[in-house]
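The chains referred to below are lettered A, B, ... by the order of the sequence lines, with proteins before strands, and numbering in each begins at 1. Keep in mind that this is a model prediction, so the values were computed, not measured.
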Number of protein chains: 2
Amino acid sequence: MRSKQPTIWDIAIKLNVSISTVSRALRNAPDINPDTKKAVLDLAHELDYQPNTIATSLRKNKTDIIGVLVPEFVHAYFPSVILGVQEVANAAGYKVMIGQSNESLEIEKHNLQAMLSSRVDGVIMAITRETNEYEHILAAQRKGLPVVFFNRIVDELPGSKVLVDDYRGAFRAVEHLIQTGCRRIAHLAGPENLTMSRNRLNGYIDALKAHQFPVDESIIMPCDFIEGRARACTQQLLDGPNRPDALFAVNDPTAIGALVCIQENGLSIPDDISLVGFSNAPHSAFVTPPMTAVVQPTNEIGRVAARLLLRQIEEGAAFVPETQTLDTTLVIRKSTHPVLKTV
Amino acid sequence: MRSKQPTIWDIAIKLNVSISTVSRALRNAPDINPDTKKAVLDLAHELDYQPNTIATSLRKNKTDIIGVLVPEFVHAYFPSVILGVQEVANAAGYKVMIGQSNESLEIEKHNLQAMLSSRVDGVIMAITRETNEYEHILAAQRKGLPVVFFNRIVDELPGSKVLVDDYRGAFRAVEHLIQTGCRRIAHLAGPENLTMSRNRLNGYIDALKAHQFPVDESIIMPCDFIEGRARACTQQLLDGPNRPDALFAVNDPTAIGALVCIQENGLSIPDDISLVGFSNAPHSAFVTPPMTAVVQPTNEIGRVAARLLLRQIEEGAAFVPETQTLDTTLVIRKSTHPVLKTV
DNA sequence: AACGTTTCCGGAAACGTTGCCGGAAAAGAA
DNA sequence: TTCTTTTCCGGCAACGTTTCCGGAAACGTT
């Protein structure tokens with residue numbers, strides 16, 4: 001049985017003042033006698049009083065909670081974005097409520113409903129892989145809910161967005177391969193309908209062109225983000241004529257697939273084949289050999305998203321949505337040659 | 001500017017009934033005319049009405065939210081127990097609010113305050129590494145807050161606990177090494193003051209004894225969970241006389257440290273040295289070679305913890321705390337010999 | 001001494017629900 | 001018909017805050 005927590009009433013009665021006075025003392029309002037204020041504060045501390053935030057929320061019509069809605073969080077990417085969100089949200093006096101959709105549109109809808117029902121002040125979200133209709137999100141926005149998107153962006157949706165410069169990241173990764181002496185660079189590409197994969201593909205192509213390398217369509221292999229498919233594609237590349245001496249993988253699972261395949265074929269990384277991935281997470285550091293990879297500023301993504309959301313919450317209707325693009329960094333580890341070996 | 005969401009008042013006025021009636025219709029109470037109920041439900045749907053859960057919470061003095069407090073969540077372990085929590089909590093109509101202490105006692109206290117302030121119905125928590133005084137937790141419990149602990153257990157605290165059978169896990173890991181032909185098995189141990197490390201150490205020792213192996217103190221190396229120290233210890237083992245042919249590592253970072261050290265010495269896993277870890281997460285699968293490891297049922301830990309908490313919430317003061325011990329499983333991958341090579 | 005100001009405080013309504021209580025109308029029983 | 005029961009509904013207080021409004025007392029000014 002939950003024992004009752006003390007309320008401002010309890011304090012008021014013990015001190016023989018009104019609840020208004022107690023309330024004023026607690027949230028240091030201007031018109032209160034310093035002595036009574038001190039008395040209230042002391043008693044509150046003694047009773048271990050904690051304000052009932054749900055009463056406050058009801059009264060003020062504001063919860064000071066922001067919702068974060070992610071498709072999953074067992075991989076490091078989303079948790080570490082959330083960390084960034086928490087950092088700026090907490091500093092601004094907001095709490096963070098996390099929802100997890102398990103990559104299911106149904107659950108995403110349900111979670112968004114729940115957030116609306118909990119009257120969160122705003123939501124930061126990355127949509128599910130299977131989210132292909134947006135009415136639930138649009139409806140929430142029509143009700144005035146501020147929403148900022150990240151990671152999985154769709155143009156049909158209004159609102160602020162935080163994304164990563166996929167094109168430049170890919171470009172630099174490929175440039176690095178070229179600079180370390182690779183001459184035939186294959187690409188394990190993502191699904192063609194995603195802007196993200198397209199941007200990375202374009203970065204790959206433009207880097208080749210910028211260095212007067214030919215673009216060979218036969219070594220651009222779409223493998224849908226799936227580790228198994230990446231393995232098969234890599235095998236195909238190894239078996240084919242004119243074997244590539246480098247691979248640029250579109251994301252983590254793909255890179256892992258390539259890595260195991262190469263090693264199973266008894267080839268050495270990076271001596272026979274250099275490998276660079278495009279990573280969501282520091283994960284790639286723990287593989288052997290530690291992988292050179294484009295890494296995303298996950299924490300910063302969360303911080304930026306939170307700042308945008310807080311601005312929107314505070315500025316209200318006057319706020320005009322912004323989309324911010326963050327840069328990636330190429331972390332050079334052991335799956336490519338060191339860069340000093342210049343071309 | 002947040003536009004107002006519809007309330008039961010709006011529905012009541014449009015339908016020319018009282019708010020009581022609307023309320024009854026919405027939470028299908030018994031005494032209501034099916035027709036009016038349908039009318040209310042229809043209009044609610046049309047207006048896209050969502051009940052204001054914070055008003056409900058205030059009124060019912062129950063939030064249907066359970067808090068989960070973890071020291072970090074960028075590694076897979078905690079997120080995946082949270083998944084388990086969510087699964088049973090959501091199924092029972094509860095929402096989950098997550099707090100993250102960043103391994104800081106200060107933040108842990110603050111988060112617990114916040115949960116109390118939010119009037120969560122209960123908390124599932126794993127304390128911080130630096131949590132060495134428990135007054136904040138005891139105070140919360142004294143106020144009647146149900147708390148269940150997992151992963152980091154301390155005897156001084158009352159409440160339900162969910163833990164993992166470290167002893168048996170270690171025992172079986174070592175037994176597996178013995179059965180695959182290893183004859184000299186070293187142990188990279190954890191800090192001696194933690195019951196967890198002690199249990200794993202005892203499992204190691206007893207497995208050796210059970211198979212009439214000698215226990216050689218000189219190849220039991222405490223390395224404090226730190227990857228760097230594990231590397232140094234492993235090097236020492238490799239350099240020493242009578243090199244071990246197997247290593248049992250107390251946790252993930254330790255195992256990784258051993259792995260890189262062994263490979264840097266040009267030795268083969270498992271042919272020169274077998275390696276088995278004690279893992280928090282499926283992490284160890286992604287290393288090369290994929291590591292044989294004792295793995296914990298992370299999801300199940302969350303589910304069990306949630307079930308215990310929900311029972312305590314519902315049974316109230318009548319509930320007597322329980323501690324449940326879950327079993328681990330040994331996942332055999334490539335860092336040990338296959339088991340068919342029987343002794 | 002009379003006035004205006006400032007300082008501090010209490011009363012009360014409101015936020016959106018729930019749930020008790022009582023009562024009117026409809027239905028059933030005599 | 002008349003009485004009892006059932007069915008359905010409205011009024012109202014309450015949950016713990018915040019905040020507006022008004023007023024008493026203390027202070028300052030002429």
Review point. Do A:Val74 and A:Pro79 come close enough that some side-chain heavy atom pair is under 4.5 Å?
Key: no
Review point. Given side chains that start at C-beta, do those of A:Leu112 and A:Ile137 come closer than 4.5 Å, heavy atoms only?
Key: yes
[N], OP1 or OP2 - any side-chain N/O from [X] closer than 4.0 Å?
X: B:Thr21; N: D:dC8; answer: no
X: A:Ser18; N: C:dG10; answer: yes
X: A:Arg27; N: D:dT19; answer: yes
X: A:Tyr49; N: D:dT17; answer: yes

Practice item. Between B:Val22 and B:Lys60, just flag the one whose closest nucleotide in DNA chain D comes earlier from the 5' side. Key: B:Val22
Exercise for review: With DNA chain D as reference, determine whether A:Ser20 or A:Asp31 sits nearer its 5' end, using the nearest nucleotide of each.
Suggested key: A:Ser20
Options [options], nucleotide nearest the side-chain atoms of [X]:
X: B:Arg24; options: D:dT19, C:dC20, D:dG16; value: C:dC20
X: B:Leu58; options: C:dG10, D:dG16, C:dT17; value: D:dG16
X: A:Asn33; options: C:dC8, D:dT17, D:dG10; value: C:dC8
X: B:Pro34; options: C:dC9, C:dC8, D:dC8; value: D:dC8

In whole angstrom, what separates [X]'s [atom1] from [N]'s [atom2]?
X: B:Asn16; N: D:dG10; atom1: CG; atom2: C1'; answer: 12 Å
X: A:Ile11; N: C:dC9; atom1: CD1; atom2: C1'; answer: 17 Å
X: B:Ile8; N: D:dG11; atom1: CD1; atom2: C1'; answer: 13 Å
X: A:Arg119; N: C:dT17; atom1: CZ; atom2: C1'; answer: 11 Å
X: A:Ile54; N: D:dC15; atom1: CD1; atom2: P; answer: 13 Å
X: A:Trp9; N: C:dG10; atom1: CH2; atom2: P; answer: 11 Å
X: B:Lys38; N: D:dC8; atom1: NZ; atom2: C1'; answer: 19 Å
X: B:Gln5; N: C:dC15; atom1: CD; atom2: C1'; answer: 14 Å

[Y]/[X] salt bridge by N-O under 4.0 Å criterion:
X: B:Asp48; Y: A:Arg142; answer: no
X: B:Glu72; Y: B:Arg152; answer: no
X: B:Lys38; Y: B:Asp42; answer: yes

**Study point:** Check: A:Ser20/A:Arg24 side-chain N/O donor and acceptor closer than 3.5 Å
**Key:** no
Check your understanding: So, A:Thr56 versus A:Thr53: side-chain donor-acceptor pair below 3.5 Å or not?
Key -> no
Base, sugar-phosphate or nothing for [X]? Non-hydrogen atoms, less than 4.0 Å.
X: B:Thr53; result: nothing
X: A:Thr7; result: sugar-phosphate
X: A:Thr36; result: sugar-phosphate
X: A:Ser23; result: base

Review point. Is there a Watson-Crick or G-U wobble partner for D:dT30 with both distances under 3.5 Å, and if so, which one is it?
Key: C:dA1
Close N or O pairs between protein and nucleotides 25-27 of chain C (under 3.5 Å):
none

Check your understanding: So does B:His136 have more than 12 non-hydrogen atoms from other groups sitting under 6.0 Å from NE2?
Key -> yes
